[in-house]
Every structure is written in C-alpha cells, then in structure tokens.
Amino acid sequence: MNEFITQLNDVLWSYVLIVALVGCGIWFTCRTRFVQFRMVGEMLRLLTESAVDTVKGTKHISSFQAFAVSVATRVGTGNLAGVATAIAIGGPGAVFWMWLIALIGSATAFVESTLAQLFKKRHKDSFIGGPAYYIQQGLHKRWMAVLFAVLITLQFGLSNNSIQANTICGAMQEAFGFSPVWVGVALAAMALFIVFGGIQRIARVSSVLVPIMAVGYVVLAIVVIATNIEHIPHVLKVIVQDAFGFGQIAGGGIGAAMMNGIKRGLFSNEAGEGSAPNVAATATTTHPVKQGLIQALGVFTDTLLVCSCTAFIILISGLYQHPELNGIALTQSALQSEVGAAGPVFVAVAIFLFAFSSIIGNYYYGEANIRFITPSQKVMTVYRICSAGVMVMFGALASFELAWNIVDFFMAFLTACNLVAIVLLGRYAFRLLDDYRKQKKQGIKEPVFHRSQLPELEDEIECWE
C-alpha cells in the first residue's frame with residue numbers, strides 16, 4: 001500500500017502539480033507587477049498594525065496574529081525534517097527549487113489571501129473564510145467548495161497533524177530516548193486543551209511561540225553559518241550545479257531535485273495550497289490587500305529564511321551524502337557535527353515548538369472548513385478529538401515513510417482544487433491591488449475598501465460595508 005501511494009504521488013507531482021504551481025506563480029507574479037518584490041516595505045509596515053475596530057462586540061484578530069497563526073503552520077516539520085528529506089532524496093539542487101517556488105509562490109499566496117479577505121463572513125468569535133467560501137461566493141459552485149473543505153480537513157486537520165507528531169516523536173527519541181507512545185500521549189493532551197479554546201487561544205499561543213522558535217533557530221543557524229563562512233561559496237555552487245543536473249553529489253538528477261524541492265517547498269510555505277487563506281480571513285483590517293501582502297511575507301519568512309538556515313547547516317556538514325540519514329535525524333546529526341552534543345537537544349526542543357504550533361494551527365484550518373459544511377457541534381467535537389487526539393497518536397506510532405506519503409497524496413489534490421479557483425477569481429485580487437496602489441499614491445496612509453467598489457459582487461460580499 002505504501003509503495004502504491006509513493007508511485008501515485010510521483011505521477012501526480014511529476015506531470016501535474018509542478019507545471020501548475022510554477023505556471024500559476026509566474027502568471028500571478030507578472031499580473032500583479034511583481035507585488036512580492038515591489039511592496040516588501042509595505043508588508044513589514046503592516047505587521048505592526050493593530051486590529052481595526054470595525055464591528056463592535058467582535059473579538060478581533062490583528063494582522064500580526066493572523067500572520068503568526070499562518071506562519072505557525074508554515075514553520076514546522078517542513079523547515080527541519082522536510083528540507084532534510086528533500087536534500088537526502090533530491091540532492092542539494094532541491095534547495096534551489098525550494099527558493100524558486102517561494103519567490104514566485106509568494107504572488108500566489110497574495111492572491112489567495114486577498115480573495116479570502118474579500119469573501120470572508122462574520123462569525124461569532126471574529127471572521128471566518130478561506131477557499132471554500134470564495135469558491136462558493138465567487139464561483140457559485142457549492143460542490144467544489146464542499147470538495148475543498150473535505151480535502152483541507154483531511155490534509156491539515158488530520159494527515160498533516162500526524163506528520164508533525166511523527167517528527168516531534170522522532171526528535172525526542174533521538175535526543176532523549178523518550179518512547180513515541182508517551183510523547184504522543186502528552187502531545188495529544190496538550191493539543192486537545194488548546195483546540196477546545198477556539199481561534200483566540202490559538203492566536204495568543206501562536207503569537208508567543210512563533211517569534212521565540214523562529215528567532216532562536218535562526219540565531220543558531222547564523223552562528224553556525226558565520227563560523228563556517230568560508231564554505232558558503234562552495235555550498236551555493238553545489239546547490240546551483242545540482243539544481244540543473246551538473247555533477248550531482250547525492251544522486252537523483254534534475255528531475256528528483258526539482259520534484260522534491262517543489263514538493264517539500266510547498267509543504268513548508270503552503271503557497272497555493274489554500275491553507276493560509278483560512279486564517280488570513282480572520283484578520284480585521286481596512287482593505288483585503290493588506291492581509292494578502294502579509295501572507296506573501298509569510299512565504300518569504302518560511303522558505304527564504306528558516307528553510308535556508310536548515311539547508312545551509314546540512315550542506316555545510318556534508319552529512320547529506322550518508323544514505324542512512326533522512327528527515328529530522330539528518331538535521332539533528334548535522335547540527336551536532338557543528339555545535340556538539342547540544343545540537344540534537346536543541347533541535348528536539350525547536351521541533352517541538354515548531355511542530356506543536358503547527359498542530360494547533362492545522363487544526364483551525366479543519367475547524368473553519370467543517371463549519372462551512374455543517375453547523376453541527378457534535379461533528380465539531382468528533383473532529384477535535386480526531387485531529388488533536390487520534391491523528392496525533394497515529395503520527396506518533398506510524399512509520400516516517402507512511403506519514404509523508406499520506407500528506408503528499410492529499411496535498412496534491414488540495415492544491416489542484418485551489419489553483420483552479422484562484423485562477424478563475426484572480427481578476428478581483430488584481431483590481432483590489434490596483435485600488436490599494438492608487439490610494440497609496442494619493443497619499444492615503446491606510447487605504448480603505450468598500451464593497452460598492454465591486455458592484456458585480458456586492459450581493460456576494462457579506463462584510464466591507
């Protein structure tokens with residue numbers, strides 16, 4: 001069964017999604033006039049913006065909190081175990097393709113998150129939205145919206161949480177010898193406590209954990225890179241040469257490098273997968289474009305910063321040439337070779353923070369989409385138990401290969417469904433971006449959007465009075 005899923009994943013990723021992801025990324029980059037590069041300064045400015053008091057009695061989620069929750073799901077096992085897996089299987093060249101998919105994919109992230117803000121709906125706690133909502137309201141295809149809601153629940157709420165737990169347990173066993181069973185039990189108990197507290201508790205926890213885990217890991221990586229600065233030119237040369245099939249060191253050729261780099265890059269930064277828009281929709285802001293810009297920045301933060309840190313540590317160590325090392329074990333061994341016995345311990349603690357914050361963020365994606373399908377509290381309770389309890393325990397006990405294969409399988413279908421939707425609806429994101437830029441040129445510091453500016457959608461947009 002595991003071998004069959006592996007072969008099916010290779011077909012899906014080799015012939016369908018790589019072309020679609022790269023093609024859509026290039027199209028959105030050109031159509032938005034390189035928004036991800038031209039508006040970096042505005043992205044950074046928006047992070048400090050507080051939640052706007054547009055609806056009295058609403059528990060607001062600020063732009064930074066929405067950014068933190070989305071980064072919490074992006075910055076996880078993909079940055080430590082995923083990068084290591086891509087390099088181990090596809091060679092150093094996989095890093096180049098991870099960078100490429102992040103650079104062009106950030107434009108895709110901008111479009112999908114802007115659309116999520118445009119079509120968001122009011123919810124008792126804050127706002128709610130995402131691809132299922134913009135598919136139904138923008139395309140008027142209920143069946144497609146429900147399909148997406150089911151796929152993202154299977155991918156993030158269930159299978160993705162298993163891979164996070166699998167990596168945490170592997171790291172804890174490698175560093176401390178802890179049994180995966182007991183680590184899984186502890187993880188499930190903590191996750192259940194948090195997810196029953198709702199998005200406000202998730203946002204508060206993520207806004208604390210994300211800065212701590214990201215800054216700590218990046219600082220350590222910078223120290224390692226700085227002490228090995230003389231090796232960086234060689235590392236960059238190896239990455240570029242291997243990306244295009246010249247002189248492979250770890251084997252696999254250009255095809256393996258490209259497929260594994262893009263696949264693990266998407267798992268890490270989620271640009272185009274349709275996940276981040278679910279939390280982007282919860283933010284309270286004055287213009288949909290603001291959250292689109294912030295989510296585009298999240299892709300850069302994830303891949304160009306955190307993933308690159310892991311990649312450089314592994315390539316500097318040279319341990320990627322050892323076929324017996326893969327996943328989190330490769331990252332831990334690489335760090336140990338640079339900083340000593342404390343390396344595996346640090347990675348174990350870091351992966352706990354990275355992956356645990358991803359577990360609670362992933363859970364919310366499923367919750368938002370289950371609410372789209374049904375208002376039943378019984379269904380929601382069953383989902384919470386399955387997501388934070390059952391699947392966390394499954395991941396703790398499952399094999400490394402099975403856990404990743406299941407994730408790749410659902411990720412392929414989920415991404416394909418979302419890409420179709422945002423290509424068809426992208427024109428609205430482009431018009432919103434033009435309006436935002438126009439207001440900024442007029443000297444308006446905080447652009448404001450009103451639904452009357454899109455008269456053909458005025459009846460479909462619930463918010464933005």
Side-chain angles (χ1 to χ4, degrees), residues 75-95 98 163-180 183 213-214 216-232 234-236 238-239 242 248-252 256-257 260-261 264-265 267-268 305-356 395-396 398-404:
V75 179
T77 57
N79 301 86
L80 279 79
V83 173
T85 301
I87 294 174
I89 299 175
V95 178
M98 290 182 71
I163 201 69
Q164 306 295 338
N166 181 276
T167 306
I168 290 175
C169 291
M172 292 297 177
Q173 188 173 38
E174 181 78 14
F176 307 112
F178 292 165
S179 167
V183 174
M213 69 185 183
Y217 184 70
V218 170
V219 167
L220 178 63
I222 290 174
V223 171
V224 172
I225 293 170
T227 56
N228 293 274
I229 194 69
E230 69 277 7
H231 299 301
I232 298 303
H234 174 71
V235 167
L236 294 173
V238 168
I239 290 173
D242 201 67
Q248 282 82 0
I249 296 177
N260 283 281
R264 293 284 74 84
F267 176 83
S268 181
L305 181 60
V306 186
C307 283
S308 295
C309 288
T310 301
F312 283 140
I313 291 172
I314 291 172
L315 294 178
I316 287 172
S317 73
L319 293 176
Y320 62 91
Q321 296 173 305
H322 295 196
E324 72 276 7
L325 291 176
N326 199 346
I328 196 64
L330 174 55
T331 305
Q332 286 179 298
S333 297
L335 200 55
Q336 182 176 6
S337 70
E338 299 301 323
V339 300
V345 174
F346 179 87
V347 172
V349 174
I351 199 64
F352 173 81
L353 294 175
F354 276 64
F356 185 72
S399 70
F400 175 85
E401 292 78 11
L402 177 61
W404 278 100

Taking atom [atom1] of [X] and atom [atom2] of [Y], what is their separation to the nearest 0.5 Å?
X      : Y      : atom1 : atom2 : value
His234 : Leu315 : NE2   : CG    : 9.0 Å
Ile229 : Ile222 : CD1   : CD1   : 10.5 Å
Ser337 : Leu335 : OG    : CG    : 7.5 Å

What's the verdict on side chain to side chain contact (heavy atoms under 4.5 Å, CB included) for Leu220 and Ile313, showing C-alpha distance, side-chain angles and the deciding distance?
-> CA-CA 10 Å; Leu220 178 63; Ile313 291 172; 5.8 Å; no
For Val238, does its backbone N or O pair with a side-chain atom of Asp242 as donor and acceptor, under 3.5 Å?
-> no
May I ask you to decide if Ala398's main-chain N or O and Asn166's side chain share a donor-acceptor pair within less than 3.5 Å?
-> yes
Least distance between heavy atoms, [X] atom then [Y] atom:
X      : Y      : result
Ile163 : Ala403 : CD1-CB, 3.3 Å
Ala88  : Leu330 : CB-CD2, 4.3 Å
Ala396 : Pro180 : O-CB, 3.4 Å
Ala86  : Ala94  : O-CB, 3.6 Å

Tell me, do [X] and [Y] make a side-chain contact under 4.5 Å, heavy atoms counted?
X      : Y      : answer
Leu319 : Ile314 : no
Leu236 : Phe312 : yes
Gln173 : Ser179 : no

Sorted by chain and residue number, the side chain to side chain donor-acceptor pair (under 3.5 Å) partners of Ser333 (sequence neighbours excluded) come out as none
With sequence neighbours left out, what residues match Phe176 under side chain to side chain contact (heavy atoms under 4.5 Å, CB included)?
-> Met172, Phe178, Val345, Ala348
side-chain hydrogen bond (donor to acceptor under 3.5 Å, both in side chains) pairs, two or more places apart, involving residues 309-319 = Tyr217-Thr310
